[in-house]
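What follows is a single structure, written as structure tokens, with notes after it.
What you are looking at is a predicted structure, and each value in this text was computed from that prediction instead of being measured. Reminder, nothing fancy here: chain letters follow the sequence lines and each chain counts from 1. These values consider heavy atoms only, across backbone and side chains, with no hydrogens, waters or symmetry-generated copies.
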Amino acid sequence: MAAPGAFYITTPIYYVNDVPHIGHAYTSLACDVMARFHRLDGRRVMFLSGTDEHGQKVEKSAEAAGMDPQAFCDRVSQNFRDLSGLMGYSNDDFIRTTEERHTRACQALWRAVIAAGNDDIYLGKYAGWYSVRDEAFYGEDELVDSPAGKRAPSGAPVEWVEEPSYFFRLSAWQDRLLAFYDANPDFILPPARRNEVMSFVKSGLRDLSISRTSFKWGIPVPDAPGHIMYVWFDALTNYITAVGYPDTASAAFTTFWPATHIVGKDILRFHAVYWPAFLMAAGVAPPARVFAHGWWTVEGQKMSKSLGNFIPPHELVAKYGLDPVRYFVLRELPFGADGDFSHRAVINRLNGDLANDLGNLVQRVLSFIAKNGDGQVPNPGALAPEDEKLLGASAALHATTRARVDRQELHTALEEIWRVIGDANRYVDAQAPWTLRKTDPARMATVLYALTDAIRRIAIVLQPFMPTAAGRILDQLAVPTGTARQLAAMGGEPKLVPGTALPKPEGVFPRYVEASA
RNA sequence: GGCGGGAUAGCUCAGUGGUAGAGCAGAGGAAUCAUAAUCCUUUGGUCGGGGGUUCAAAUCCCUCUCCCGCUACCA
């Protein structure tokens, strides 16, 4: 069990051969929001990302580039580390599977499975139809008959090849996995994905080939010269490497493991089936949760190499700004479902939600105070019921958003926040401080105080989603950094101190104006 | 083929038995503190088709049509 109040969240390790696109950015961004949320909520957080650097493709790419595989990885993994900087990720560690600590962890995990004495790893033969030309294995059902014999779908000739391989006895784990899913109904989210995984497991499991002898770029299997670990055993282990495995008594491990894994739906099975089985076989606790998210389409079309419609994250950030991009991808699609990334939709969110609803709310209140309230935090009188209502709604966001974030429902968390932003705008109109200025200045001050305090709470809870913009709003309210910006401060102390000087207000979310044709 | 999910306002979706909802878009109005922002009102749906159960069905059952996901070793 992880320590109480601790939270460990991981992105997948990205395949180092890939070029980062919006899909990678999205996965990490969701993790980043959860990591930031829980830190602000007073928990100890470990947020891990990294790169997957082994495998035949990397070996070949390095060769093609005329480089040593390690030097090649050093270069291309930088693309993903740069992404962290660009998107403002707050990851605590960035693991690379070519690091020595990872080799140690993988070999230790392997040995632990063997030491458990259940014969879960055994030596067999990996066999299949291989096309030298395609450099790929094909399943029997994929092959096409031709006069010259069996052919790959590409038309390339195939040959039956066999190589010695270690296998993981996954077939023996069906019942234990199903029992685990039953005992942990939230282990796989969203629920639809859980159903898919369970039906997959119920349909029967085959043993898994977990080593290769046909190439070299990988982690050596202990006591088995010529064998290197096959991708998944190597890659998945990164999640425990980073918390100190094999030292399961280490502070990091006892504090943080088990983790919440956020993955794309394409790799759900590996995380929700193979990984818990590996761990249980080695006597290590399985992960706490695996959450699978969906895919982005771009202007209604699937992202693909042939269409060349991958969106480089840096272009988006340059065009719209970092926080608007963060907001858009988290708000636009239900986390878990597929969604479309379109210029139109970004503009609508940016101008409608950010500039009009939130940005204008902050600006109308703060500039009113700057002009009519001596530029200070107003001094409130007794609160009226409608004041209490607004303040109560904004304070309640702490609990409601936490409940949403706990289930990875980041879009509904934002919905909750925007509901209160709407309340605040309606409150401004209903109270009409511009009228109170002439009729009842004391009441005006109370109204403005209620508004600044509501905005303070809204900005605090928005920090995980839009760290820079939310921070700027808090700056404009003269909220000191530190505990005053923790989520706990939404409920009570420290509050805004009447009379505190406020800086000159500046717009936080400018409208996006389309370049005129 | 098998298993699972879905089809609700122009768009994206919420809504599991009791007089159809939200956001955006559209129309009209109010206000003028504010980033021509905000607020109010409002147009709009035979809840995919058909059948059934029920006093009552978007909601339960049957059936049809269409869409999507999963159906293993592709990093």
Would you kindly check if the NZ (Lys) or CZ (Arg) of A/Arg212 is within the cone defined by 45 degrees around the ring axis of A/Tyr230 and under 6.0 Å from the six-membered ring centre? yes
cation_pi(A/Arg176, A/Trp173) dist<6.0 Å, angle<=45: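 Because its charged atom sits under 6.0 Å from the ring centre and within 45° of the axis, A/Arg176 does stack over A/Trp173.
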Side-chain N or O of A/Tyr230 versus OP1/OP2 of B/A72: is the shortest distance under 4.0 Å? no
[N]: pairing nucleotide in any strand, Watson-Crick or G-U under 3.5 angstrom:
N: B/U12; result: B/A22
N: B/C39; result: B/G29
N: B/U53; result: none
N: B/G1; result: B/U71

Using the ring of each side chain (for Trp, its six-membered ring), is [X] parallel, tilted or perpendicular to [Y], with breaks at 30° and 60°?
X: A/Tyr320; Y: A/Tyr512; value: tilted
X: A/Phe167; Y: A/Tyr126; value: tilted
X: A/Tyr26; Y: A/Trp296; value: perpendicular

Would you be so kind as to tabulate the donor-acceptor pairs closer than 3.5 Å made by side chains of residues 67-76 of chain A, with sequence neighbours excluded?
{"unit_1": "A/Asp68", "atom_1": "OD2", "unit_2": "A/Gln70", "atom_2": "N", "d": "3.0"}
{"unit_1": "A/Asp68", "atom_1": "OD2", "unit_2": "A/Ala71", "atom_2": "N", "d": "3.2"}
{"unit_1": "A/Gln70", "atom_1": "NE2", "unit_2": "A/Asp74", "atom_2": "OD1", "d": "3.1"}
{"unit_1": "A/Gln70", "atom_1": "NE2", "unit_2": "A/Thr98", "atom_2": "OG1", "d": "3.3"}
{"unit_1": "A/Asp74", "atom_1": "OD1", "unit_2": "A/Arg96", "atom_2": "NH1", "d": "3.2"}
{"unit_1": "A/Asp74", "atom_1": "OD1", "unit_2": "A/Arg96", "atom_2": "NH2", "d": "2.7"}

Indicate for each nucleotide in nucleotides 32-42 of chain B, in 5' to 3' sequence, whether protein heavy atoms under 4.0 Å reach the base (B), only the sugar-phosphate (S), or nothing (-). SBBB-SBSS--
Can you check each nucleotide of nucleotides 1-12 of chain B against protein heavy atoms at under 4.0 Å and return B for base, S for sugar-phosphate only, - for none, in 5' to 3' order? ------------
Can you work out whether A/Gly204 or A/Asn348 has the more 5'-proximal nearest nucleotide on RNA chain B?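 Its nearest nucleotide being more 5', the pick is A/Asn348.
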Is the ring centre of A/Phe233 less than 6.0 Å from the ring centre of A/Phe278?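 Yes, the ring of A/Phe233 comes within the 6.0 Å limit of the ring of A/Phe278, centre to centre.
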Take atom [atom1] of [X] and atom [atom2] of [N], then tell me their distance rounded to the nearest Å.
X: A/Glu409; N: B/C13; atom1: CD; atom2: P; answer: 16 Å
X: A/Leu350; N: B/G23; atom1: CG; atom2: P; answer: 21 Å
X: A/Arg344; N: B/A25; atom1: CZ; atom2: C1'; answer: 11 Å
X: A/Trp173; N: B/A72; atom1: CH2; atom2: C1'; answer: 19 Å
X: A/Asp52; N: B/C74; atom1: CG; atom2: C1'; answer: 14 Å
X: A/His293; N: B/G69; atom1: NE2; atom2: C1'; answer: 15 Å
X: A/Leu436; N: B/A31; atom1: CG; atom2: P; answer: 17 Å
X: A/Phe215; N: B/C74; atom1: CZ; atom2: C1'; answer: 13 Å

Any chance the side chains of A/Trp418 and A/Glu416 put a donor and an acceptor closer than 3.5 Å?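 Side chains of A/Trp418 and A/Glu416: no pair found under 3.5 Å.
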Do A/Ser28 and A/Tyr14 pair up side chain to side chain, a donor and an acceptor below 3.5 Å, judged on atom types alone? yes
Base, sugar-phosphate, or nothing for A/Gly264, non-hydrogen atoms under 4.0 angstrom?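 Nothing, no heavy atom under 4.0 Å.
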Quantified in whole Å, what is the [atom1] atom distance between nucleotide [N] and nucleotide [M]?
N: B/G44; M: B/G28; atom1: P; answer: 16 Å
N: B/A56; M: B/G52; atom1: P; answer: 12 Å
N: B/G21; M: B/U41; atom1: P; answer: 14 Å

Under the salt bridge (Lys or Arg N to Asp or Glu O under 4.0 Å) rule, what pairs show up with a residue in residues 358-376 of chain A, not counting sequence neighbours? A/Arg364-A/Asp429
Got a sec? Which of residues 266-277 of chain A come in under 4.0 Å of RNA chain B, heavy atoms?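 Hits under 4.0 Å, by residue number: A/Ile267, A/Arg269, A/Phe270, A/Tyr274.
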Would you please test A/His271 and A/Tyr239 for side chain to side chain donor-acceptor pair (under 3.5 Å) and show each step? CA-CA 11 Å; A/His271 286 77; A/Tyr239 301 126; 2.7 Å; yes
Mind checking side chain to side chain donor-acceptor pair (under 3.5 Å) for A/Ser211 and listing every partner two or more places apart, or none if nothing turns up?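 Once residues adjacent in sequence are excluded, the partners of A/Ser211 under the side chain to side chain donor-acceptor pair (under 3.5 Å) criterion are A/His227.
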